[in-house]
Structure formats: structure tokens, C-alpha cells
A.B. asks: 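Here's a structure for you.
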Amino acid sequence: MALIVHKYGGTSMGSTERIRNVAKRVAKWARAGHQMIVVPSAMSGETNRLLGLAKELASGKPGDDHNRELDMLASTGEQASSALLAIALQTEGLPSVSYAGWQVQVKTDSAFTKARIESIDDERVRADLDAGKVVVITGFQGVDEGGNITTLGRGGSDTSAVAIAAAMKAHECLIYTDVDGVYTTDPRVEPDARRLTTVSFEEMLEMASLGSKVLQIRSVEFAGKYKVPLRVLSSFTPWDIDINEEAKSGTLITFEEDENMEQAVVSGIAFNRDEAKISVLGVPDKPGIAYHILGAIADANIEVDVIIQNLSKDGRTDFSFTVHRNDYAKAVDLLKAKVLPTLGEADIVGDTKICKVSIVGIGMRSHVGVASKMFRVLSEEGINIQMISTSEIKTSVVIDEKYMELAVRALHKAFDLDQPAA
Ligand code: ASP
Ligand code: MG
């Protein structure tokens, strides 16, 4: 008997029929002798619907963010789906109780719409489990010190589930979703993409931050910090498949490089089209210039990703960096207003039609020439690299958006990701 956390995404909770299926699956696990905690998302489309209503009524004035009320509103989606699931579980004959985040004290900071979990009080949940109940806890939401309802950012139910698993010291946290695991790349771009049976926590973290949408990045950070064994698997298998088969399906996110790890140099290719490039041309090449430009950007709370500075010529250089596309206009306006006037001859140009393609693999630590192979593959396809950034286990390039699919497919093939791991 083990304590297990199941998390079900919006699609898995998308209709009463699907909720009934979730209940049957959870019942199967409970009847196999496990203590069960279930963390559902809102029914698919519900969070968008609620936030859409708010948008119709919002003032739209800068400074009026309505964030506290948005959390009060959006959190109702998970409250509804949790209650429905508890009803379905009771109908299956399982004692079950549902709780909102504030009731089991999922304590967060007060950063409305993007709160961080600080602690979870496990007492009430523990008592219910010991009394033989399945406990359903809303995903996505918590409560701050002042008793205000908070939410954890879009996709936040993953993080709720992992945080609850950590607090309860669960044996495993199973994330049921509409894909059957973590793939070598997005199968919509490369049909030959393969499901990974295991991926290391560090690789998963890179993939999540580089654009793979399978898990919310904070959930992976949490899993890493508290060493929560995490598995991503499909909720679309028949609910009555053999539990032992189900328990081994999907992708396990592992912490040790044990011998079961797939031993590939590159484990996956990630990409994202969410960034835009800004170049400040002809800036004086002198100490403090990067700080001068990027300090202004940071002060406006805009995150910067890839950065390059060219060699200087006649005392002047070009400085480029990427920001999220949503921040692009704000960043350009700010540089034009505050920074450009102090730089003399300098000019600003931008490009929103870029994408970032990355190869990820812990094998890169011990293999040389991986990045150069990536550059060769791209050059053979005639793809120009605009920017490069690297870490121990990834190499990212910024390229023209129109070559994204070509680049992903060529790299996928070149690194043998379409072949079963040795
Ligand atoms: N319902 C929330 C969202 O749509 C949280 C989640 O699904 O994880 O973002
Ligand atoms: Mg999700």
C-alpha cells in the first residue's frame, strides 16, 4: 500500500462522462490498496471562459489589474471540477471528500495570478486518508496570509499536485494528461518523435523552460527540490487497463542516472516561438553598457533570455537580446524613450519572426562536439544562426521562424532521436 497522488488535466476532466471515467480509474487504484489524493484541473475551457467574462468587464486602465478578483474568479473552475469528481467517486462507492486550497491550507504568497506555494498543512488530509477516504484537492489555487484566494499561474495544477505530493511524502505523483508521455520533440512537428520512458529531472526542467508544454515549469522545479517521483501518462487509456501496466506507462522523471536511463547524448529537441529579438546598433563599447541597456529592461520587470554582443568596430558595437513577444513592444518603447537618447548615434531594430530551437541532454556533459554537430546540421539545411546560448546540458539557437520545422526535423534525425534508445 502506498500514498499516491493523481493529477488530471482539463481535457481529462472535460465532461461528466470523462469525470466518471476518472472516478473509475481512481477507484481501481484505491481498491488495489493505495491511499489516494486526486488533484484536478478545471474542466477544459472553463478557466478561459471565466477570464473572458472578466475581460468584458475590466476597466482596461493601466494600473487596474483586478488580479485579486481574477484569482477569486478563476479558482472556481477547480472548485467545481473537484466537487464533481468527489460526487462521482462517492457514486462509485468510495468515501470521498473534496477541498478547496484554503480549506487544507495550501499557503502561498500574495502574488495574485502567479502565486508561489509556501507550505501545505497535511493534518486534515492525513486524517481523511487514515479514515479511508479519497481526498480531492483543487489544483491551481491556494490562500495567502490575509485569507485571500490566490492562483498559481496558467497550468498551475501540475504544481499543486507536485507540492501536495511533496508535503504528503507521496510515493509517486502521476500526472494524467492528453498525451501519453514526454516525447523527443513535439509529434505535431516531427511525426517520428518517440516517447521517452525516462527523462532526467534536469532535462525535463530544461525542456519545460525551453518551450515543451507537457508540464508547468514550476512543477518540475518543485519535483526537483523535494525529490518527488513524477510520471506523465495518458488519461485516455481505458480506465480498466491492468494497474501494473498503467503504473509503468508514460514517462518517469528520474533523479539518478541509474542504469534504466536511456543513454542518449541528446534526449530531446525543444522549440518556442514566444520570443522576439531586439538589437541596439552602434552602441559605444565601454564598461557599463550592458548594464545600462539591460538594467532599464530589468527595472521594467521584463525578462531577458538570449544575449549577444558583437565585436566592436571603431569603438562601437551591436548588442542584441531576446524577450517574450508579449513584452516586445514595451521593451522597444522603453529603450527608445529612456536609453537611446543617451547613446548618441545608436539605433534600435527588432524582429518578432524568430524562434529558438534547443537540443537538450545530460549526455552533453560528457560528449564533445555536440553543439558543433548541431551547427553543421543547420548549415547543411541552409539555416542561418542568429544567436547561440548554451548551458551544461543544452544548446539553443535563435533562427528565422520560417525554418523552425525544418530545423527541428533535421536535428531530430541527425541525433538519431527517431531510433529506439540503445
Ligand atoms: N485551470 C488552470 C488553467 O487552465 C490550471 C490548470 O489547468 O493547470 O490554467
Ligand atoms: Mg496543463
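Indexing begins at 1, ligand by ligand and atom by atom, following the structure's order. These values consider heavy atoms only, across backbone and side chains, with no hydrogens, waters or symmetry-generated copies. The first residue of the sequence shown is numbered 1, and numbering continues consecutively from there.
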A.B. asks: Between Arg409 and Glu405, does any side-chain N to carboxylate O distance fall below 4.0 Å?
C.D. replies: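 Glu405 and Arg409: salt-bridged.
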A.B. asks: Which ligand 1 atoms, with their elements, are less than 4.0 angstrom from a heavy-atom of Ser41?
C.D. replies: 6 (C), 7 (O), 8 (O)
A.B. asks: What atoms of ligand 1 come within less than 4.0 Å of a heavy atom belonging to Gly155?
C.D. replies: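 Listed by number with element: 3 (C), 5 (C), 6 (C), 8 (O), 9 (O).
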A.B. asks: Please name all residues satisfying salt bridge (charged side-chain N to carboxylate O under 4.0 Å, His left out) with Arg376, sequence neighbours left out, ordered by chain then number.
C.D. replies: Glu380
A.B. asks: Could you check whether the rings of Tyr8 and Tyr176 sit parallel, tilted or perpendicular, using 30° and 60° as the cut-offs?
C.D. replies: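 Answer is parallel, since the angle falls under 30°.
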A.B. asks: Determine, considering heavy atoms only, which of Glu78, Met43, Glu46 sits nearest to atom 2 (C) of ligand 1.
C.D. replies: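 The nearest heavy atom belongs to Glu78.
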A.B. asks: Answer with yes or no whether Gly10 contacts ligand 1, where contact means a heavy atom under 4.0 Å from a ligand atom.
C.D. replies: no
A.B. asks: If you count the atoms of ligand 1 from 1 in the order shown, which ones are under 4.0 Å from a heavy atom of Arg154?
C.D. replies: 3 (C), 4 (O), 9 (O)
A.B. asks: Any side-chain donor-acceptor pair under 3.5 Å between Gln216 and Ser219?
C.D. replies: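 No, because no side-chain N or O of Gln216 sits under 3.5 Å from a partner of the opposite role on Ser219.
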A.B. asks: Test: side chain to side chain donor-acceptor pair (under 3.5 Å). Region: residues 385-396. Which pairs qualify, not counting sequence neighbours?
C.D. replies: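 Side chain to side chain donor-acceptor pair (under 3.5 Å) check on residues 385-396 returns Glu206-Ser391, Lys277-Gln386, Ser358-Ser396, Arg365-Glu392.
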